[in-house]
Amino acid sequence: MRPGAKRNTEDINYYVDGILSGNRVVLSQAITLVESKLANHQALAQRIIEQCLPHSGRALRLGITGVPGVGKSTFIEVLGMKIIEGGGQLAVLAIDPSSQISKGSILGDKTRMERLSSAPQAYIRPSPAGDSLGGVARKTRETILLCEAAGFNHILVETVGVGQSEVTVHSMVDFFLLLLLPGAGDELQGIKRGIVEMADLLAVNKADGDVAKKAQLSAADYRNALHFYPAKESQWIPPVMTCSALNDVGVAEIWECILSYQEFTQKSGFFDQQREQQTKNWFQESIQQLLTQQFFNFPGMIDHLQSLEKKVMDRELSPVHAAHMLLQTFWAQQNRS
Ligand code: GDP
């Protein structure tokens, strides 16, 4: 930041200089703008992001998922400490679609990741309370870019492994890790087959004490099950490992595996290809989101929609015809305004 620079919400240089110099206070302020619903905040956030874009993209982006209680935060704490002890800078972000309901957030609890939270090389940002998964995802994608511009070369995105949010996280990371509980099949844990399919590594956590043996058996079951899954586009064969985040056993091996994945996919070109595809998808999604938003926010649109909906329900109009009529009204009003 320029010496003596003061915070001025209009002063884009305050934010950009602050972020590029690794100032965490400014980074947090910029993320708050990204998360804000106010139109002027969002416009400013977009300008900041654009200026940060040339400085982004250089981090390794990891996604981590698993059911609540599987040990995600314990694992992230141990892995995170290894990353920073190895000289890395780590930002931990979260996608938590449930936070809106619980009013809590998966990273909000200060007792979680105690060592990591106090490490100067780590930055932990709780999940934004979003009104939709799409909204939360957009904010997380933009937050990743800002964290990268601030010099974080490792980004870890955590999500609760029970639903749609995994697909979203998968669409913004280079490597996707699924943590599993010993002794229960993925269906019992409520993990959908699609999530197992997306994983680049499966790790059965809590492989310690009485359940150590059970964990090995679960890992063997997963190894067998994975034979029936289609080959991955990356040509990477996802290994199944065991670990005890609590005792720091097996975590170093998992980290080694993540690094070999990075090397493997960088050599094959898949790493860059996947990033390109993710950016394209993000662009497409943004178009769809903006169109939908503008469409439904247009004055009178909801009333018109409701009256047509009634006609559709009364079988006076076909749904497709009604949709065309709605769009015609939208364009006609757009042209007038
Ligand atoms: P999260 O909800 O997935 O983030 O899970 P937490 O990291 O909060 O862990 C949930 C509980 O499992 C806590 O009581 C942890 O101490 C415990 N736990 C986490 N990892 C391990 C492990 O490797 N072994 C054992 N025995 N307990 C663990």
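We count ligands from 1, going down the list as the structure has it; atoms in each ligand are counted the same way. What you see below is based on every heavy atom in this structure, not just the backbone, and it leaves out hydrogens, waters and symmetry mates.
Residue-level proximity to ligand 1 for V211 is absent, since no heavy atom of it falls below 4.0 angstrom.
Checked by atom type and distance alone, the side chain of S36 never pairs as donor or acceptor with a backbone atom of T32 at under 3.5 Å. Looking only at distances, a side-chain donor or acceptor of K72 sits under 3.5 Å from a matching main-chain atom of G66.
The closest approach between a heavy atom of G66 and any atom of ligand 1 is not below 4.0 Å.
Of the protein's non-hydrogen atoms, the one nearest atom 12 (O) of ligand 1 is K206 NZ, 3.0 Å. The protein heavy atom nearest to atom 26 (N) of ligand 1 is D208 OD1, 3.0 Å. Here the heavy atom of the protein found nearest to atom 15 (C) of ligand 1 is T74 OG1, 3.9 Å. In terms of protein heavy atoms, atom 2 (O) of ligand 1 is closest to G69 N, 2.8 Å. Protein heavy atom nearest atom 23 (O) of ligand 1, with residue, atom name and distance: A245 N, 2.9 Å.
V249 and V78 fall into different hydrophobic clusters, where Ile, Leu, Val, Met, Phe, Trp and Tyr side chains are chained together by heavy-atom contacts under 4.5 Å.
Using a 4.5 Å heavy-atom threshold, the side chains of L326 and M301 count as touching. Between F298 and Q334, the closest side-chain pair of non-hydrogen atoms falls below 4.5 Å. Counting only heavy atoms from C-beta outward, the side chains of E142 and Q46 approach each other to under 4.5 Å.
Note: W236 and F175 have perpendicular aromatic rings, judged against thresholds of 30 and 60 degrees for the angle between ring planes.
Atom CD of E85 has more than 12 heavy atoms from other residues, nucleotides or ligands within 6.0 Å. Heavy atoms from other residues, nucleotides or ligands lying under 6.0 Å from CG of N297 number more than 12.
At least one N or O atom of G71, backbone or side chain, sits closer than 3.5 Å to an N or O atom of ligand 1. Looking at ligand 1, you'll find an N or O of N205 within less than 3.5 Å of one of its N or O atoms. Residue contacts with ligand 1: L246 is placed with a nitrogen or oxygen under 3.5 Å of a nitrogen or oxygen of the ligand (distance criterion only).
Of all the atoms in ligand 1, the ones that sit under 4.0 Å from a non-hydrogen atom of V67 are 3 (O). With ligand atoms numbered from 1 in the order given, ligand 1 contributes 2 (O) to contacts under 4.0 Å with heavy atoms of P68. Listed by number with element, the atoms of ligand 1 under 4.0 angstrom from any heavy atom of S73 are 4 (O), 6 (P), 7 (O), 8 (O). Within the listing of ligand 1, atoms 23 (O) sit less than 4.0 angstrom from a heavy atom of S244.
Remark: atom 5 (O) of ligand 1 lies closer than 4.0 Å to at least one protein heavy atom.
The salt bridge (Lys or Arg N to Asp or Glu O under 4.0 Å) analysis of residues 271-294, with sequence neighbours excluded, yields the pairs R141-E285, D174-R275.
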